Protein chains: 2
Amino acid sequence: MPDVKHFDPDVALDQVVSLFWEHGADTTGVADVVKATGLSRSSLYATFGGKGQLYAAALRRYLERQSRPVFDALAADERGMPAIAGFFERLVSARCTGEHARWGCLVTNAHAAAGRELPEVQHVLAAHHRALRSAMRAALEAARRHGHLRSGLDTEASAETLALLAYAVNLRSRSGAEAAELLAGVRAVLDGFTDVTTTEENR
Amino acid sequence: MPDVKHFDPDVALDQVVSLFWEHGADTTGVADVVKATGLSRSSLYATFGGKGQLYAAALRRYLERQSRPVFDALAADERGMPAIAGFFERLVSARCTGEHARWGCLVTNAHAAAGRELPEVQHVLAAHHRALRSAMRAALEAARRHGHLRSGLDTEASAETLALLAYAVNLRSRSGAEAAELLAGVRAVLDGFTDVTTTEENR
DNA sequence: CCTATCTTGGACTAGTCGTTCCAAGATAGG
DNA sequence: CCTATCTTGGAACGACTAGTCCAAGATAGG
């Protein structure tokens with residue numbers, strides 16, 4: 001058997017995700033990737049292909065490692081409205097403070113960036129949206145079972161609303177929006193979705 | 001008096017706005033600007049300065065010529081909820097069909113693009129957000145005077161919500177989101193804000 | 001140990017980036 | 001018409017871009 005890779009493609013891809021996530025894919029050059037990963041250009045191109053494929057791979061990785069676990073936890077959370085409120089509180093907190101403060105979301109950022117028309121990228125954006133919205137729908141259905149929801153509320157449309165709201169939090173937080181401002185905007189939506197007769201215990 | 005400009009800086013800047021708006025500022029080179037405007041590099045740099053200043057000028061121009069008139073009309077509209085619903089219907093329509101379909105919003109796109117940390121750019125983003133939210137607040141206050149609003153609704157927080165929603169529509173539409181999907185998401189929020197006892201006449 | 005086969009470092013290419021510069025051209029007051 | 005002053009076209013700049021290529025190095029089956 002011939003030579004084998006002298007590095008772990010998995011950890012390299014994680015480093016690339018961080019690079020593209022923080023600084024934007026457009027403004028990150030292959031030279032930056034080489035410096036950050038410690039790989040040579042040869043290994044990089046042999047393993048991932050060109051920059052476009054590397055970007056698509058980073059998007060897929062972000063969706064699976066960053067987004068998916070959170071979406072799955074939300075979808076499995078049976079608490080109803082408190083689960084949704086908790087999701088947004090954690091989201092705002094992660095976007096405004098800590099290690100990834102002001103980085104936004106790699107997938108959200110991809111909506112405005114170049115390469116959004118590439119089939120591979122479009123597929124990830126669509127998959128991300130489906131996963132986010134269906135997690136929201138599941139959480140809303142749990143809320144409905146608890147009687148938390150206003151009567152006549154359209155679950156499908158409301159799930160879309162909450163997904164849109166998450167994108168907006170990701171976007172605005174990247175440009176320095178204050179956490180309190182974002183949380184107030186989220187709270188107003190959740191209040192509008194909540195059954196007025198059983199509001200108290202869900203705050 | 002010496003020589004005067006052989007072109008109109010105003011129409012040139014409008015052409016630059018279109019370029020940055022459609023294709024993104026990061027991926028649009030000075031060569032593209034030269035080609036689109038017909039100007040020479042000399043005239044461009046003498047009139048607007050470097051690419052960064054040109055981008056900032058384009059952002060300001062977009063805010064004043066594209067956003068501001070719509071925001072002002074919304075703020076002055078006394079109809080209440082129908083005014084807000086109309087704003088979003090026109091927004092979704094403009095983002096998904098017609099001349100600027102799938103272009104998104106230049107200011108919204110700027111949130112994810114490079115140069116968002118430049119003071120001049122940040123100032124435009126902040127001004128845009130203030131203008132959008134205060135127009136939403138004015139429209140909500142009109143809605144309150146008409147008795148359209150749910151009792152206990154926080155006008156300031158709800159204005160922030162509607163602003164966030166507009167950003168999300170701009171962002172998602174750029175990546176091909178369907179108009180019906182976006183409208184449903186908007187409708188769910190407006191329904192949540194509306195007084196249930198006087199819902200019928202506002203649809 | 002040998003060798004076929006893959007990986008690696010890094011030089012290299014062709015093109016593009018934003019920016020500068022200057023001679024030639026245009027303008028309008030005197 | 002003359003000339004001071006600005007504008008304009010376009011050549012040129014160094015730095016950077018994504019991507020290619022090959023000799024040297026590493027690996028593990030035979």
Side-chain angles (χ1 to χ4, degrees), chain A residues 1-13 15-59 109-110 113-121, chain B residues 1-59 106 109-110 113-121:
Chain A
M1 196 198 280
D3 196 358
V4 80
K5 285 195 195 306
H6 300 181
F7 66 98
D8 184 347
D10 260 24
V11 323
L13 188 52
Q15 293 170 313
V16 174
V17 166
S18 286
L19 257 188
F20 285 166
W21 187 5
E22 180 176 7
H23 301 108
D26 297 341
T27 45
T28 303
V30 178
D32 300 318
V33 175
V34 167
K35 195 186 298 179
T37 58
L39 305 186
S40 69
R41 286 173 123 78
S42 321
S43 312
L44 206 87
Y45 277 84
T47 309
F48 299 106
K51 192 191 175 183
Q53 288 172 258
L54 181 60
Y55 177 52
L59 274 177
N109 298 344
R116 93 204 116 92
E117 58 283 332
L118 273 72
E120 275 205 286
V121 170
Chain B
M1 198 199 279
D3 197 357
V4 299
K5 286 196 194 306
H6 300 182
F7 66 98
D8 184 348
D10 260 25
V11 322
L13 187 51
D14 283 334
Q15 293 170 313
V16 173
V17 166
S18 286
L19 258 187
F20 285 165
W21 186 5
E22 180 176 7
H23 301 108
D26 296 342
T27 44
T28 303
V30 177
D32 300 317
V33 175
V34 166
K35 195 186 297 179
T37 59
L39 305 185
S40 69
R41 286 172 125 77
S42 322
S43 311
L44 211 99
Y45 277 83
T47 309
F48 300 105
K51 192 191 176 185
Q53 289 171 257
L54 182 60
Y55 178 51
L59 275 178
L106 184 62
N109 298 343
R116 95 205 112 93
E117 58 284 331
L118 273 71
E120 275 205 286
V121 170

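Please read all numbers here as calculations on a predicted model, not as lab measurements. All values below were derived from every heavy atom in this structure, side-chain atoms included, with hydrogens, water molecules and symmetry-related copies excluded. Below, chain A is the first sequence line, B the second, and so on; all start at residue 1.
Contact record, A/Ala12 with A/Leu39: CB-CD1, 4.1 Å, taken as the closest heavy-atom pair. For the pair B/Glu120 and B/Gln53, the tightest heavy-atom approach, listed with the atom from each and the gap, is OE1-CG, 4.4 Å. Residue A/Leu19 comes nearest to A/Val33 through the heavy atom pair CD1-CA, 3.7 Å, listed as atom of the first residue, atom of the second, then distance.
Atom CZ of A/Phe48 is separated from atom OG of A/Ser43 by 10.0 Å, given to the nearest 0.5 angstrom. With rounding to the nearest 0.5 angstrom, the CZ atom of B/Arg116 is 14.0 Å from the CG atom of B/Asn109. Taking OG1 of A/Thr28 as the start and CH2 of A/Trp21 as the end, the distance is 14.0 Å to the nearest 0.5 Å.
For B/Tyr55 and C/dC17, the OH to P distance is 17 Å, given to the nearest whole Å. Between A/Lys35 atom NZ and C/dG9 atom C1' the separation is 17 Å, expressed in whole Å. To the nearest angstrom, C1' of C/dA28 lies 16 Å from NZ of B/Lys5. At whole-Å resolution of the value, NZ in A/Lys51 and C1' in C/dT16 are 13 Å apart. With rounding to whole Å, A/Phe7 atom CZ is found 12 Å from C/dC6 atom C1'.
Between A/Ser40 and C/dG9, a side-chain N or O to OP1/OP2 separation shorter than 4.0 Å is present.
For DNA chain C, the residues of residues 22-32 of chain B within the heavy-atom distance limit of 4.0 Å (strictly under) are B/Thr28, B/Gly29, B/Val30, sorted by number.
A heavy-atom distance below 4.5 Å is found between the side chains of B/Leu54 and B/Leu13.
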Query raised in the report: In dot-bracket notation, what is the pairing pattern of DNA chain C, taking Watson-Crick (N1-N3 plus N6-O4 or O6-N4) and G-U wobble (N1-O2 and O6-N3) contacts under 3.5 Å, with [ ] crossing and | for other strands?
Result: ||||||||||||||||||||||||||||||
Protein N or O to nucleotides 20-25 of chain D N or O, pairs below 3.5 Å:
residue, atom, partner, partner atom, Å
D/dG25, N2, A/Asp3, OD2, 3.3

